[in-house]
Amino acid sequence: MKLVKNIITIDGPSGVGKGTLAFSLAERLGWNVLDSGLLYRLVGYLNCKEALETTQEIVQFLNESKIRLITNFNEGICEIEINDRVLGKELRNENIASKAAELAKEAEIRNAIIKIQRDAYDSEQGLIADGRDMGTIIFPEAALKIFLQASPEVRAERRANQLKEKGMSVIMHDLLEQIQLRDEEDSNRKISPLKPADDSLVIDTSNLSINEVEEKVMENFKKL
Ligand code: DC
C-alpha cells in the first residue's frame with residue numbers, strides 16, 4: 001500500500017486528549033480535522049432525539065441525507081452539516097455518547113458512514129483523523145498513526161477539570177464509571193474494536209502535557 005503523508009490518524013479511548021491534540025496539530029499544519037466520533041454521536045442523536053428507532057431507519061436516513069463535516073477552528077470543534085442544518089453542541093453530552101457507543105457496534109451503521117469519513121480527506125489540504133478505527137480501518141494508508149492511552153483515572157480527572165472550567169458540577173465516581181463502561185464497549189466489540197494499528201506510535205499521555213505530546217508527534221512527522 002502506498003503511504004500518504006498528509007493524513008495523521010489519532011486513535012484512543014474516550015477522554016485521552018485526541019480532540020485537543022487533533023486541533024493543535026491541524027492549526028499548526030493548516031489541515032482539516034475529522035472528528036469521527038461526532039458521526040457516531042449523530043447516529044445516537046437520530047435514535048434518541050429524532051425517533052429513528054431501527055438500524056434500518058437510521059441507515060436509510062444517512063444514505064438519503066447530505067452530510068458534511070466542518071472544521072470550526074474558532075471554537076476548536078468539528079460540526080456536522082446535515083441537510084442544511086448544523087449540529088455541534090447538541091451532540092456533546094454523555095447520554096448521546098453512550099447511545100453512540102451502543103450503535104457503533106453494528107456493522108450496517110459503521111458501513112453507512114465509511115464514505116463520509118473518507119470524503120473528509122482532501123489530498124490538497126491534509127487531514128487529522130480522530131477516532132477509534134482511523135488507523136486500522138478508515139485510513140490504513142496514513143503514514144503516521146498515533147495511538148494515545150492513559151489510565152481511566154487520569155482521563156476521568158482531566159474530564160472533571162474540563163467540566164469544572166465550564167462551571168458544571170462533577171461527580172467523580174460517575175465520570176470514572178462512564179469512562180470504564182465506554183472503554184469496555186469500544187474495545188470489546190466484534191467489528192472495528194479500539195486497538196492500535198500494527199504500525200502505530202503508541203503514546204502514554206498520563207504524565208505528559210499536551211505540548212509534550214504534540215512535540216513527540218511532530219518529531220515523528222518530520223522524519224516521514
Ligand atoms: O470520540 P467520541 O467520544 O465522540 O465517540 C463516541 C462513541 O462513538 C465512542 O464511544 C465509540 C464510537 N466511535 C467509534 O466506534 N468509532 C470511531 N472511529 C469513533 C467513535
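As the structure lists them, so they are numbered: ligands from 1, and atoms in each ligand from 1. Only this structure's heavy atoms are used, side chains among them; waters, hydrogens and symmetry mates stay out. Counting begins at 1 with the first residue of the sequence.
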Applying side chain to side chain donor-acceptor pair (under 3.5 Å) between T205 and each of R158, K18, R155, K216, report the one that passes.
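Among R158, K18, R155, K216, the one meeting side chain to side chain donor-acceptor pair (under 3.5 Å) with T205 is R158.
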
Using a 3.5 Å cut-off on N/O to N/O, what pairs does ligand 1 make with the protein? A line per pair would be great.
from: ligand 1; atom 1: 1 (O); to: R132; atom 2: NH1; distance (Å): 2.9
from: ligand 1; atom 1: 1 (O); to: R132; atom 2: NH2; distance (Å): 3.4
from: ligand 1; atom 1: 3 (O); to: R41; atom 2: NH2; distance (Å): 3.2
from: ligand 1; atom 1: 3 (O); to: R132; atom 2: NH2; distance (Å): 3.3
from: ligand 1; atom 1: 3 (O); to: R182; atom 2: NH1; distance (Å): 2.8
from: ligand 1; atom 1: 4 (O); to: R41; atom 2: NE; distance (Å): 2.6
from: ligand 1; atom 1: 4 (O); to: R41; atom 2: NH2; distance (Å): 3.3
from: ligand 1; atom 1: 10 (O); to: R182; atom 2: NH1; distance (Å): 2.9
from: ligand 1; atom 1: 10 (O); to: D186; atom 2: OD1; distance (Å): 3.3
from: ligand 1; atom 1: 10 (O); to: D186; atom 2: OD2; distance (Å): 3.0
from: ligand 1; atom 1: 15 (O); to: R110; atom 2: NH1; distance (Å): 2.9
from: ligand 1; atom 1: 15 (O); to: R110; atom 2: NH2; distance (Å): 3.3
from: ligand 1; atom 1: 15 (O); to: R189; atom 2: NH1; distance (Å): 2.9
from: ligand 1; atom 1: 15 (O); to: R189; atom 2: NH2; distance (Å): 2.9
from: ligand 1; atom 1: 16 (N); to: R110; atom 2: NH2; distance (Å): 3.0
from: ligand 1; atom 1: 18 (N); to: S36; atom 2: OG; distance (Å): 3.0
from: ligand 1; atom 1: 18 (N); to: R132; atom 2: N; distance (Å): 3.1
from: ligand 1; atom 1: 18 (N); to: D133; atom 2: OD1; distance (Å): 2.9

Decide whether D204 and S206 meet the rule of one side-chain donor and one side-chain acceptor closer than 3.5 Å.
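A pair is found: one side chain offers a donor N or O, the other an acceptor, under 3.5 Å apart.
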
Mind jotting down which residue pairs meet the salt bridge (charged side-chain N to carboxylate O under 4.0 Å, His left out) criterion with at least one end in residues 37-60? Sequence neighbours excluded, please.
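Those involving residues 37-60 are E50-R85.
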
Check residues 140-152 and write down every donor-acceptor pair under 3.5 Å in which the side-chain atom is one partner and the other belongs to a residue at least two apart or another chain.
from: E141; atom 1: OE2; to: R118; atom 2: NH1; distance (Å): 3.4
from: E141; atom 1: OE2; to: R118; atom 2: NH2; distance (Å): 2.8
from: K145; atom 1: NZ; to: P140; atom 2: O; distance (Å): 2.8
from: K145; atom 1: NZ; to: A142; atom 2: O; distance (Å): 3.0
from: K145; atom 1: NZ; to: D199; atom 2: OD1; distance (Å): 3.4
from: K145; atom 1: NZ; to: D199; atom 2: OD2; distance (Å): 2.9
from: S151; atom 1: OG; to: V154; atom 2: N; distance (Å): 3.2

List in chain and number order the residues that pass side chain to side chain donor-acceptor pair (under 3.5 Å) with D11, two or more places apart in sequence or in another chain; answer none if no residue qualifies.
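D11 satisfies side chain to side chain donor-acceptor pair (under 3.5 Å) with no other residue.
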
Is it the case that over 12 heavy atoms from other parts of the model lie below 6.0 angstrom from the NZ atom of K195?
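At most 12 heavy atoms, drawn from other residues, nucleotides or ligands, come within 6.0 Å of this atom.
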
